[in-house]
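These notes are about the structure you will find just below.
Quick note on labels: first sequence line is chain A, next is B, and so on, each numbered from 1. For the numbers below, each heavy atom of this structure counts, side chains included, while hydrogens, waters and symmetry mates do not. Worth saying up front: this structure is predicted, and the values here are computed from it rather than measured.
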Amino acid sequence: MKRTCLSLLLALAVVLAPRAGGAILYIDINAPGGKRMPVALPDLVTASGDPSLSAAVPKVIADDLRMTSLFEVLPPASYLERILPAHFAGKPLSFPDWKMIGAEAVVIGKTEARGDQVAVEMRLYDSTLGNMMAGKRYVGPAKSYRTIAHRFANEILYAFTGVRGIFDTEIAFTATPKGGRGKEIYVVGLDGQEIRKVTDNRSFNLFPRWSPDGNQLAFTSFKTGVPAIYLRNLQNGSERPVVKFGNTKTPGSFTPAGNALFVSVSTGGNSEIYRVHIDGSRPEKIMGGWGILVSPSVSPDGKKIAFVSNRGGAPQVYVRDLGGGKELRISHAGGYSTSPSWSPAGDRIAFTSQSGGRFSIYTVKPDGSDQQLLASADGDCSDPSFSPDGRYLVYTFQKKGYSELKIISADGRWGKSLLSGLGGLGSPAWSPRR
Amino acid sequence: MGKRGVWKLGAAMLAVMMVFALGCAKKQAVKSSETAGAPSAAPSGQQPPGGIVSEPVKPESPAAGKQMAAAEAGAAVTKEMPSAFADIHFDFDKSFIREDARPVLSQVADYLKKNKGAKLQIEGHCDERGTAEYNMALGDRRAESARAYLASLGVPASALSTVSFGKEKPVDPGHNDAAWAKNRRAHFVLK
C-alpha cells in the first residue's frame, strides 16, 4: 500500500514540471568570500490555516541560508511586489520589481490547511531569466513546518551550487536532564530547535553514534547497572544490546555500509578496538594489547580508522590502514590529543588537543600534514563531529561547569551557538543526510 | 488544453494526492512532490526521505522534571554509594597505584580476606578534563589497577569486580586543582 502511494505521488509530481529546464550553476560553493547572492524571501501566502507559518517558514529558510555565507537575504521592507495566490496559478511575478531592489532570486510560498496537516508549496525563481529554478509541494503535520522549510532551503542551495544542503540534518548529544543526575541522549535540529529526548532511563547514556541511514543510534548505557552498547531504532523506539562482553565499552563509528560497528571494549584494564556486526555477532579484534585504544572513527571509504592510543605515554591520534595494518601518528598539537572525527568528505580529521592548559580543536589531513587550529576559546573546546558534507563541525564548549554546543564552518570563518541551558552538554554527533 | 486547464488538472490531481498522503501517512511523514531538486538520500521504496520520526518534540516541562527528580532517588547507578573505605587517588592521566593509596588497599584486602563471601565493586573515576570516551577507558584502567593490587595481596578474584564511570560522577563539583585531585579516584563499594 505504502509503495503504491509513493508511486502515485511520483506520477502526479510531473504536473509541476519546471517551465525552463537546464541546470545553471550560479555559485561555486568552494570559493567562499565572494559576492553573496542577494535573495528575496517574502512572507508566504496563507490560503487557509495557521497564518503564523507565513512569516515562520521564510525565517527558518533565511537562517539556513545565512549559515552558508553564500547568500544575502534582502530586508522585506524593500520588497515592491506583494505575493498573491494567483502567483501559484499561472500569474507571473513582476521580475523587474525584484531586479530593481537587487534580488537575483525570489523565493515564494503558499500554505494551505488540510485538517491537522499542512500543504506548503515553495518556488524559487531566477529574477533575471524569470524561470523557476526549484519548486516543491510538501504535505505533512503542521507542527513540522520547520522541517519543510529546511528541506526547501536544501533545494535552494542545490539549485544554486549543485551541492545538496544539510539543513534538515540533526545533532545527537548527551546532557543531564533538569533535576536529574544521570545523562540522557537527545536530538536537536541545526537551528537549536525541536529538542527531543531519545533515552529516558535515568542512568548514564553516553556516546551517541548515528547509523549511515540516520535511522539508528548506537550508544553506551548503564541502565542495567552494567555498561553495554545498545542500538536504538529512532523510528519505533525499539532498543537492543549489541555489545555485552568486556567491561567498559564505547561505540566508535559504523562501517560505511552500516552492517558493523567499530567499538572499544576493555578487559583487564586494556581498552581494545573491535569490529562487531550490528546484531552483536562476530566480534573481531582489530587492535589490542597493552594500554588504552579508544574512539575509532572510520574513513568514508571504510579502509582506514583514526583512533586514540596512549602507548606513547600520553593519548595521541593515529590512523591505521585496516588492510595492511600500517599506523601513523597524525596529532602533533599537544601532549594530550583525543576524539578524532573523520570528515565524511574524506579530506580531513578533526581532534581535540590540550595545549597551554586548555583544550582546542584541530584539523589535519589523514596523512598527518597541514595541521590547523580550528576552534580555541577561553575555556575548553572538545568532541568535534563533522557535518555530512564536511563543511561544518559541531563541538562542545565548556568552562567551569558551563557547557554549550557550538557549530563552526570547517574553514573557521563562520560559527554560531547551537544549544546551551542544559547541564553537562557533550558528545555531539552530526547525523547523516536524510 | 490551455494553461489554465493544465493547472486545473494539476489542482485536481493534487487533491487526489493529498487524500493519498493522508491515507498513507500514518507516520506523519512530510511528503513532497517535486519539480526539480536535489537527489534524495534514501532510495525510493524505503521510509520517505527524512520522514519525521515518530517521537514527538517534547520540550522539557516542569512536571516532567519533577517526576524525573523523584525517580532519581531510587536509581543506584547515578548515586555515589557510601563506602566503608576511603577513596584512593591518582595522578592526571595516570592509573598507577600511588604510595599514599597502599594503606587503604591493605585495609580493604584485610577486610575481604576476613569476610569470606564479601563482594567488592571497584569504581574508577576521572576528573572533568579531557574527553569523555578516553576518560571512560582511563577510569577502567584505574579500577583495574586497584583490582590487580588487591589480588596481589591475596584477595580472591571472585570477590572483585570493576566498573568505570569515567568523568561522569565527580565527587567534588568544583573546577579547580583540588576538586580534580579528589575526583581522580577509585571508590570501593561492598555489594
Part of Pro227(A) lying under 4.5 Å from any heavy atom of chain B: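 Contact with chain B: side chain only.
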
Below 4.5 Å from any heavy atom of chain B, which atoms of Leu124(A) appear? Answer side chain, backbone, both or neither.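 Neither part; nothing is under 4.5 Å.
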
Top of [options] for chain B proximity - count of heavy-atom pairs under 4.5 angstrom:
options: Gly268(A), Ser382(A), Ser427(A); result: Gly268(A)
options: Gly426(A), Gly291(A), Gly424(A); result: Gly291(A)
options: Ser271(A), Gly401(A), Ala314(A), Pro432(A); result: Gly401(A)

Applying side chain to side chain donor-acceptor pair (under 3.5 Å) to Thr131(B) and Thr338(A), what does each step give before you reach the verdict? CA-CA 7 Å; Thr131(B) 50; Thr338(A) 55; 2.8 Å; yes

Rounded to the nearest 0.5 Å, what separates atom [atom1] in [X] from atom [atom2] in [Y]?
X: Phe204(A); Y: Met136(B); atom1: CZ; atom2: CE; result: 8.0 Å
X: Lys400(A); Y: Glu128(B); atom1: NZ; atom2: CD; result: 8.5 Å
X: Glu168(B); Y: Thr220(A); atom1: CD; atom2: OG1; result: 10.0 Å
X: Leu138(B); Y: Thr248(A); atom1: CG; atom2: OG1; result: 10.5 Å

Based on non-hydrogen pairs under 4.5 Å, which of Ser164(B), Gly166(B), Ser145(B) is most in contact with chain A?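 Counting heavy-atom pairs under 4.5 Å, the top option is Ser164(B).
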
Taking side chain as everything from C-beta outward and backbone as N, CA, C, O, which of these in Asp140(B) sits under 4.5 Å from a heavy atom of chain A? Side chain, backbone, both or neither.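 Looking at Asp140(B), backbone and side chain both touch chain A.
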
Under 4.5 Å from any heavy atom of chain A - which part of Arg147(B):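 Neither; nothing under 4.5 Å.
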
Please verify the inter-ring angle class for Tyr336(A) with Tyr134(B); under 30° counts as parallel, over 60° as perpendicular, anything in between as tilted.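 Taking Tyr134(B) first and then Tyr336(A), their aromatic rings stand perpendicular (interplane angle over 60°).
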
Side-chain contact, heavy-atom cut-off 4.5 Å: Pro315(A) with Asp93(B)?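 Yes, at least one pair of side-chain atoms sits under 4.5 Å.
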
Over 12 non-hydrogen atoms of neighbours within 6.0 angstrom of NZ in Lys182(B):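 Not buried by this count: 12 neighbours or fewer within 6.0 Å.
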
Give the C-alpha distance, both sets of side-chain angles, the deciding distance and a yes or no for side chain to side chain donor-acceptor pair (under 3.5 Å) between Glu133(B) and Thr250(A). CA-CA 7 Å; Glu133(B) 282 160 77; Thr250(A) 56; 4.9 Å; no

